[in-house]
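Encoded as structure tokens, the structure appears first; notes follow it.
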There are 2 protein chains.
Amino acid sequence: MSEPTMSGAPRRRTWQRDAVRDALGERDGFVSAQALHAGLREAGSPIGLATVYRALADLAADGAADHLQVEGEALYRACGSSGHHHHLICRSCGKTVEIGAAEVEAWAKAVAAEHGFREAEHVVDVFGLCSDC
Amino acid sequence: MSEPTMSGAPRRRTWQRDAVRDALGERDGFVSAQALHAGLREAGSPIGLATVYRALADLAADGAADHLQVEGEALYRACGSSGHHHHLICRSCGKTVEIGAAEVEAWAKAVAAEHGFREAEHVVDVFGLCSDC
DNA sequence: TTGATATTGAGAATGAATATCAATACTATC
DNA sequence: GATAGTATTGATATTCATTCTCAATATCAA
């Protein structure tokens, strides 16, 4: 029998994974794997690109990071709140605000049910220009 | 002064563009450029891949097609309603329902304003399993 | 019909993301 | 603390979607 609540990820702790987690946490908004890797290298870290991709994928799988696709690129961000939430993102500087939206959750569920759809998930993100841009 | 209502696109009519528009219209859900091209070739059309990409980009720019990014792939769909709308998409068979959502529009605008964001746009799509899947 | 030019398409080029695989580092165990 | 077993790393090759190039061609207005 499988145990859904058990984290099936026996992850070893390495300075590389810590570096990626830390670097991601220091960023305000969403970053690409490429950009994060470039930043780490600039800061003197010899970490490899493939490792950054893997670390980010793991963080996302563990629920420690959010990710979204923009213009054919995957962007990641350290997760503040642990539960389900959405984002308000500045399309100029990348500044991001995490937002909860009970109304939207309810709406999505209702719309799905209305059309006979089950197991509904949704993608909801708001893009704009923040007060500093 | 610019004229936002004027179509700044002096497009020439070619059988290739018509073929892409028609093929897209015949599909139920979202399709990738690659898939659409493969379908056209299978149907005997000698149309080139680059042309399909260009035609789809033009349709999207002209507001005749919607597009969204899934797993690093751009997907297109012929637009039913001309105005702003969202989608309810079956993640199994791709069946898509266009949905309007005044409540969500209002919510997005309110959330953006609340945090000092201007020129807010939003991405709202619901994925689920339709009644046939 | 003709001329100006937008469009096409085969293939090259780009760029993000993943696979490969030997060398290395982490963890539990003794 | 030493050691074996194995997950992880990283330089590089590879895949794959998308865009670019540019000569040949088709479209549209005159």
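You can see that DNA chain C meets the heavy atoms of chain A within a 4.0 Å-exclusive cut from C:dA16 to C:dT27, reading 5' to 3'.
Using a 4.5 Å heavy-atom threshold, the side chains of A:Asp66 and A:His85 count as touching. Side chains of B:Phe127 and B:Cys90 form no contact here, defined as non-hydrogen atoms less than 4.5 Å apart.
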Exercise. For every nucleotide of nucleotides 4-9 of chain D, 5' to 3': is a protein heavy atom under 4.0 Å from its base (B), only from its sugar-phosphate (S), or from neither (-)?
Worked result: -BBBSB

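Look at B:Tyr53 and you'll find a side-chain N or O under 4.0 angstrom from OP1 or OP2 of D:dT18.
Within the structure, salt bridge (Lys or Arg N to Asp or Glu O under 4.0 Å) contacts touching residues 88-99 of chain B (residues at least two apart or in different chains) are A:Glu119-B:Arg91, B:Arg77-B:Glu98. Listed by first and then second residue, the side chain to side chain donor-acceptor pair (under 3.5 Å) pairs that reach into residues 18-28 of chain B are B:Arg13-B:Asp18, sequence neighbours excluded. The stretch residues 23-63 of chain B participates, sequence neighbours left out, in these ring pair (Phe, Tyr, Trp, His ring centres under 6.0 Å) pairs: B:Phe30-B:His87. Applying the salt bridge (Lys or Arg N to Asp or Glu O under 4.0 Å) rule to pairs touching residues 121-133 of chain B yields nothing, sequence neighbours excluded. The list of ring pair (Phe, Tyr, Trp, His ring centres under 6.0 Å) pairs with a residue in residues 92-114 of chain B, not counting sequence neighbours, is empty.
Axis deviation across the helix from C:dT1-D:dA30 to C:dC30-D:dG1 amounts to 40°, comparing end segments of five pairs, rounded to 10 degrees.
For the pair B:Ala50 and B:Gly72, nearest-nucleotide mapping onto DNA chain D gives the more 5' position to B:Gly72.
Distance NE2 (B:His37) to C1' (D:dT18): 13 Å, rounded to an integer number of Å. At whole-Å resolution of the value, CG in B:Leu49 and P in D:dC16 are 14 Å apart. Distance CG (B:Leu75) to P (D:dA17): 12 Å, rounded to an integer number of Å. Straight-line distance from the CD atom of B:Glu71 to the P atom of D:dC16: 14 Å, rounded to whole Å.
Every residue two or more places apart in sequence or in another chain that forms a ring pair (Phe, Tyr, Trp, His ring centres under 6.0 Å) with B:His122 is listed here: B:His84, B:His86. Checked against side chain to side chain contact (heavy atoms under 4.5 Å, CB included), A:Ala50 has the following partners two or more places apart in sequence or in another chain: A:Arg54. Shown here are the side chain to side chain contact (heavy atoms under 4.5 Å, CB included) partners of B:Ala120, two or more places apart in sequence or in another chain: A:Val126, B:Ala112. The ring pair (Phe, Tyr, Trp, His ring centres under 6.0 Å) check on A:Phe117 picks up nothing, with sequence neighbours excluded.
Across all strands, B:Gln34 comes closer than 4.0 Å to base atoms (heavy-atom distances).
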